[in-house]
Structure formats: structure tokens, C-alpha cells
Novice: 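The structure is given below, and queries will be raised subsequently.
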Amino acid sequence: LELLGRTAASDDDIVTVARGMVDNEPEVQLAAAAGIAESGDKRATPALIKGLESPDTRVRNASAAALEKVWGTKAGDDAASWQRYWAGQA
């Protein structure tokens with residue numbers, strides 16, 4: 001997923017990567033977050049915000065880092081803060 005995010009050539013590619021954020025395995029979620037960060041595709045923001053609610057600290061941290069990289073801003077790891085930020089971008 002990380003490699004696919006880096007080389008995403010179509011909308012389907014980024015959708016596939018973003019779907020990894022809802023996988024049951026934290027390792028898949030980590031790879032998805034890294035792939036989204038590499039792609040820089042802001043359309044995957046909702047998937048990353050959902051990752052901030054993960055019970056796995058690594059997934060939360062990876063999601064926050066990916067959001068910061070994609071958006072070029074720091075809003076921490078609070079899902080509600082990112083949700084407001086995302087809503088303000090529409």
C-alpha cells in the first residue's frame with residue numbers, strides 16, 4: 001500500500017490505499033497511512049481522520065503524521081480538530 005500510494009496513477013489507486021485504513025490489521029493501516037502521506041492526496045483525509053480514533057497508538061501517530069504531511073500543517077492527533085479543519089477546506 002505504501003508503494004501504491006507513492007506511485008498512485010489513478011483515482012482507483014488512492015481509493016485502494018485509503019481502504020487500508022479500515023483494515024483490521026494495524027500493519028495494513030500503517031502501510032496505508034504511509035502510502036497516503038506519500039501520495040499527498042487530500043481526498044484521503046477522512047480515512048486518516050478515522051485512523052486518529054484507532055486503539056493502536058502507532059496507527060494514531062501515523063495518521064497524524066500523514067495528515068500533517070498532506071496538509072502541511074500541524075493540528076495534532078485530535079480527530080475532532082482535524083474534522084473541523086477538513087470541513088473548513090471544502
Side-chain angles (χ1 to χ4, degrees):
L1 289 175
E2 186 174 350
L3 177 61
L4 183 58
R6 228 180 291 151
T7 61
S10 72
D11 290 345
D12 289 341
D13 290 345
I14 198 61
V15 168
T16 299
V17 175
R19 282 187 188 145
M21 291 302 298
V22 296
D23 194 273
N24 291 331
E25 293 296 324
E27 289 75 16
V28 174
Q29 294 171 341
L30 292 168
I36 294 167
E38 289 297 320
S39 77
D41 197 317
K42 294 177 178 170
R43 295 173 298 171
T45 298
L48 292 171
I49 292 171
K50 184 74 175 157
L52 295 174
E53 299 170 351
S54 172
D56 190 302
T57 303
R58 299 171 303 154
V59 173
R60 289 193 310 270
N61 291 341
S63 296
L67 284 162
E68 290 175 359
K69 183 172 182 180
V70 167
W71 286 99
T73 189
K74 291 188 180 256
D77 63 357
D78 179 61
S81 294
W82 276 106
Q83 191 65 39
R84 285 189 300 277
Y85 183 82
W86 172 242
Q89 301 304 311

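In this text, all values refer to a predicted model and were calculated from it rather than measured experimentally. Note: hydrogens, waters and symmetry copies are ignored here, and every other heavy atom, side chains too, is used.
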Novice: Looking at every heavy atom in both A64 and G76, which two are closest together, and how far apart are they?
Specialist: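 Where A64 meets G76 most closely, the heavy atoms are CB-O, 3.7 Å.
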Novice: Between atom CG of D77 and atom CH2 of W82, what is the distance when rounded to the nearest 0.5 Å?
Specialist: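 Reported value, rounded in 0.5 Å steps: 11.0 Å.
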Novice: Taking all non-hydrogen atoms of both residues into account, name the closest pair between I36 and A18 and its distance.
Specialist: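 Heavy atoms only, the tightest pair is CD1-CA, 4.0 Å.
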Novice: Taking atom types as modelled, is there a side-chain donor on T16 or R19 under 3.5 Å from an acceptor on the other?
Specialist: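 Per modelled atom types, T16 and R19 side chains form no pair under 3.5 Å.
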Novice: Minimum heavy-atom separation for M21 to G51, with atom names?
Specialist: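 Heavy atoms of M21 and G51 come nearest at CE-CA, 3.7 Å.
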Novice: Should R58 and E27 count as an ion pair when the cut-off is N to O under 4.0 Å?
Specialist: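 A salt bridge is present here (some side-chain N lies under 4.0 Å from a carboxylate O).
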Novice: Can you sort out the partners of N61 under side chain to side chain donor-acceptor pair (under 3.5 Å), two or more places apart, ordered by chain and number?
Specialist: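 For N61 there are no side chain to side chain donor-acceptor pair (under 3.5 Å) partners, ignoring immediate neighbours.
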Novice: State, yes or no, whether a side-chain contact exists between W86 and L67 at a heavy-atom distance under 4.5 Å.
Specialist: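 No, side chains not in contact.
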Novice: As an exercise, state the distance from CG of L48 to CD of Q29, rounded to the nearest 0.5 Å.
Specialist: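 Taking CG in L48 and CD in Q29, the distance rounds to 11.0 Å.
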Novice: Could you go through R60 and S63, starting from their C-alpha distance and side-chain angles, then the distance that decides it, and tell me whether this counts as side-chain hydrogen bond (donor to acceptor under 3.5 Å, both in side chains)?
Specialist: CA-CA 5 Å; R60 289 193 310 270; S63 296; over 6 Å; no
Novice: Is a side-chain N or O of E68 found less than 3.5 angstrom from the main chain of T73, in a donor-acceptor match?
Specialist: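 No, E68 side chain to T73 backbone: no donor-acceptor pair under 3.5 Å.
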Novice: Taking all non-hydrogen atoms of both residues, which atom of I49 and which atom of Q83 are closest, and how far apart?
Specialist: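 Heavy atoms only, the tightest pair is CG2-OE1, 3.6 Å.
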Novice: Looking at residues at least two apart in the chain, or sitting in another chain, which of them share a side chain to side chain donor-acceptor pair (under 3.5 Å) with K42?
Specialist: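 Once residues adjacent in sequence are excluded, K42 has no partner under the side chain to side chain donor-acceptor pair (under 3.5 Å) criterion.
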Novice: Please report the C-alpha distance between D78 and L52 in whole Å, then the side-chain angles of each, then the deciding distance to 0.1 Å, and finally whether the side chain to side chain contact (heavy atoms under 4.5 Å, CB included) criterion is met.
Specialist: CA-CA 7 Å; D78 179 61; L52 295 174; over 6 Å; no
Novice: For A33 and A66, which heavy atoms make the closest approach, and how far apart are they?
Specialist: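 Nearest heavy atoms, A33 then A66: O-CB, 3.5 Å.
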